Student: 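Got a structure for you, questions after.
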Protein chains: 2
Amino acid sequence: MDCRLRRGATTFGSVKTPAELTETFRANGLKVTPQRQLLFGLMHGNTVHPTAEALYAEASERMPGISLRTVYQTLTDLASMGELRLIDVGSGATRFDPNTDDHHHVVCSSCGEVRDVYVAGSDRLKVDGLDGFTVEQASILFSGTCTACAAEVDKVSRASARGEERKPTNPKERMS
Amino acid sequence: MDCRLRRGATTFGSVKTPAELTETFRANGLKVTPQRQLLFGLMHGNTVHPTAEALYAEASERMPGISLRTVYQTLTDLASMGELRLIDVGSGATRFDPNTDDHHHVVCSSCGEVRDVYVAGSDRLKVDGLDGFTVEQASILFSGTCTACAAEVDKVSRASARGEERKPTNPKERMS
DNA sequence: TTCTCAATCTGCAATCCATGCGAATTAGCA
DNA sequence: TGCTAATTCGCATGGATTGCAGATTGAGAA
Ligand SMILES: [Mn+2]
Ligand SMILES: [Mn+2]
Ligand SMILES: [Zn+2]
Ligand SMILES: [Zn+2]
């Protein structure tokens, strides 16, 4: 199937609904607690690739007192059941992704935004140096500048050309 | 040029020698200390993608008393001058790579070994979902099993078939 | 060569992210 | 309704990296 077809789809691909996750948890002998249900809901259709801390912040609004420990616990459970992917974009904290399709990511080196990208032909890459390695998986991380940040940079450089003050930079960044 | 030509080459590509790095440091107004020279040497031609701790261990043998802080400092300096690449294979600690060629990596999910791979055609990938993003860089991380670990697994499974004990697993692993 | 001082080194504290642990609580079932 | 294993939660712990400041030193000046 052409990956492009996925864009604009009204469903969330193979992503399970909170109700389905409830089923899955019970089927695996795990209890379904209010905390877990809340997190099922927060992750469903979530495309921002949040960190545990970010989810904890959201969860805390709806359920004051929920612990960060429980957020980590539940996310780990979901991941070990294959309902969630752990993403590392090199920004320090692990990001969680309910999209379990075969896809990759772009990260904005300015604001840290992470988006899904679908890559065609990644399995046909000519790779030299494997030297016996049995490759089971490939993950591609693109990095660059999102449209919003590009606009911002543009605005700033124009302002700078007018001799105005420079705006402060945004987040922390590492790995060339 | 065909990447394959790089294999078995007698030089280290664009990698600078310790002497050249000394030049570069002085040219940038940085002092050349014994600690830095030691690290220049330890990194030159180093293909294992060591962590800071690993380098610290090596460095400590030749220069007892050198501090981990200095190792980090020097590696960071080298990286910010573009003489070193920071690699994140998701194993927790950043790995340092004197190979500044355009290349990618394979990591063995069993023993953690990291090897260079040269990928042809990565710039011709069909990527969907970029949605305005300006991509400046793509890094591909392959993961799988190295030949040594594959042999080990094979040996173990054969032993297991004979009813013997199973060997313990190796390192820590995360991210599917 | 000696002087001088900014750059560097080192040890330790602090930070961030994540996990271990154990007492209190609770979901799910009899 | 009551039982009990699973879960929650707060706190301690651990790994990786950076901040800080006093002691040390490379390298240009005299
Ligand atoms: Mn994703
Ligand atoms: Mn490399
Ligand atoms: Zn951005
Ligand atoms: Zn291996």
Side-chain angles (χ1 to χ4, degrees), chain A residues 18 21-40 49-57 59-60 62-81 84 86-96 112 171-175, chain B residues 18 21-40 49-57 59-60 62-81 84 86-96 112 171-175:
Chain A
L21 287 176
T22 295
E23 288 282 302
T24 305
F25 262 57
R26 292 229 172 85
N28 283 54
L30 301 182
K31 293 179 178 175
V32 177
T33 66
Q35 291 90 339
R36 285 176 174 175
Q37 295 188 68
L38 172 56
L39 287 164
F40 294 167
H49 304 88
T51 62
E53 292 277 358
L55 282 165
Y56 171 59
S60 294
R62 306 213 192 179
M63 185 185 288
I66 191 174
S67 79
L68 175 59
R69 192 67 186 77
T70 297
V71 173
Y72 270 109
Q73 179 68 264
T74 300
L75 293 173
T76 301
D77 288 344
L78 283 166
S80 66
M81 284 189 284
L84 212 57
L86 308 182
I87 311 292
D88 179 1
V89 294
S91 55
T94 299
R95 311 188 80 113
F96 299 86
K172 75 170 185 181
E173 212 33 48
R174 295 168 50 237
M175 310 281 155
Chain B
L21 286 176
T22 294
E23 288 283 301
T24 307
F25 262 58
R26 291 227 174 85
N28 284 53
L30 301 182
K31 293 180 179 177
V32 177
T33 66
Q35 291 90 340
R36 286 176 174 175
Q37 295 187 68
L38 172 56
L39 287 165
F40 294 168
H49 304 87
T51 62
E53 292 276 357
L55 283 166
Y56 171 59
S60 294
R62 307 213 192 181
M63 184 186 287
I66 189 174
S67 79
L68 175 59
R69 192 67 187 81
T70 296
V71 173
Y72 271 109
Q73 180 68 265
T74 301
L75 292 173
T76 302
D77 289 343
L78 283 166
S80 67
M81 283 189 283
L84 212 56
L86 308 182
I87 311 293
D88 179 2
V89 295
S91 54
T94 299
R95 311 188 80 112
F96 299 86
K172 76 170 185 181
E173 213 31 49
R174 292 168 53 236
M175 310 279 157

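A, B, ... follow the sequence lines: proteins, then strands. Residue 1 opens every chain. As the structure is a prediction and not an experimental result, all values here were calculated from the model.
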Student: What residues form a ring pair (Phe, Tyr, Trp, His ring centres under 6.0 Å) with B:F96, not counting sequence neighbours?
Tutor: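 Residues passing ring pair (Phe, Tyr, Trp, His ring centres under 6.0 Å) with B:F96: none at all.
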Student: I'd like to check the ring pair (Phe, Tyr, Trp, His ring centres under 6.0 Å) partners of B:Y56; sequence neighbours left out, ordered by chain and number.
Tutor: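 Checked B:Y56 against ring pair (Phe, Tyr, Trp, His ring centres under 6.0 Å); zero matches.
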Student: Mind running a 4.0 Å heavy-atom check of residues 26-33 of chain B against DNA chain C and sending the residues that fall below it, in number order?
Tutor: B:L30, B:K31, B:T33
Student: Residues two or more places apart in sequence or in another chain: which of them pass side-chain hydrogen bond (donor to acceptor under 3.5 Å, both in side chains) with A:T22?
Tutor: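 Listed in chain order: nothing, the list is empty.
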Student: Does B:T76 have any side chain to side chain contact (heavy atoms under 4.5 Å, CB included) partners at least two apart in sequence or in another chain, and if so, which?
Tutor: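 Listed in chain order: nothing, the list is empty.
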Student: The criterion is side chain to side chain contact (heavy atoms under 4.5 Å, CB included); which residues satisfy it with B:Q73, sequence neighbours excluded?
Tutor: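 B:Q73 satisfies side chain to side chain contact (heavy atoms under 4.5 Å, CB included) with B:R69, B:D77 only.
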Student: Kindly write out the residues that satisfy side chain to side chain contact (heavy atoms under 4.5 Å, CB included) with A:P50, not counting sequence neighbours, or none if the list is empty.
Tutor: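 Only A:M43, A:N46, A:V48, A:A54, A:L55 meet the side chain to side chain contact (heavy atoms under 4.5 Å, CB included) criterion with A:P50.
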Student: Which heavy atom of B:K31 sits nearest a heavy atom of B:R36, and at what distance?
Tutor: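 Looking at all heavy atoms of both residues, the shortest contact is O-NH1, 2.7 Å.
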Student: Of all residues at least two apart in sequence or in a different chain, which pass the side chain to side chain contact (heavy atoms under 4.5 Å, CB included) check with A:S80?
Tutor: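 Not a single residue meets the side chain to side chain contact (heavy atoms under 4.5 Å, CB included) criterion with A:S80.
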Student: Tell me every residue that passes ring pair (Phe, Tyr, Trp, His ring centres under 6.0 Å) with B:Y72, counting only those two or more places apart in sequence or in another chain.
Tutor: none
Student: Take the C1' atoms of the five end pairs on each side of the helix from C:dT1-D:dA30 to C:dA30-D:dT1, get both axes, and report the angle to 10 degrees.
Tutor: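 One end axis against the other gives 20°.
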Student: For nucleotides 11-14 of chain C, which of its nitrogen or oxygen atoms have a protein nitrogen or oxygen under 3.5 Å away, and what is each distance?
Tutor:
none

Student: A:T51: what forms a side-chain hydrogen bond (donor to acceptor under 3.5 Å, both in side chains) with it, not counting sequence neighbours?
Tutor: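 So A:T51 forms no side-chain hydrogen bond (donor to acceptor under 3.5 Å, both in side chains) with any residue.
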Student: If you compare every side-chain N and O of B:R36 against the phosphate oxygens of C:dA7 (OP1, OP2), does one of them come in below 4.0 Å?
Tutor: no
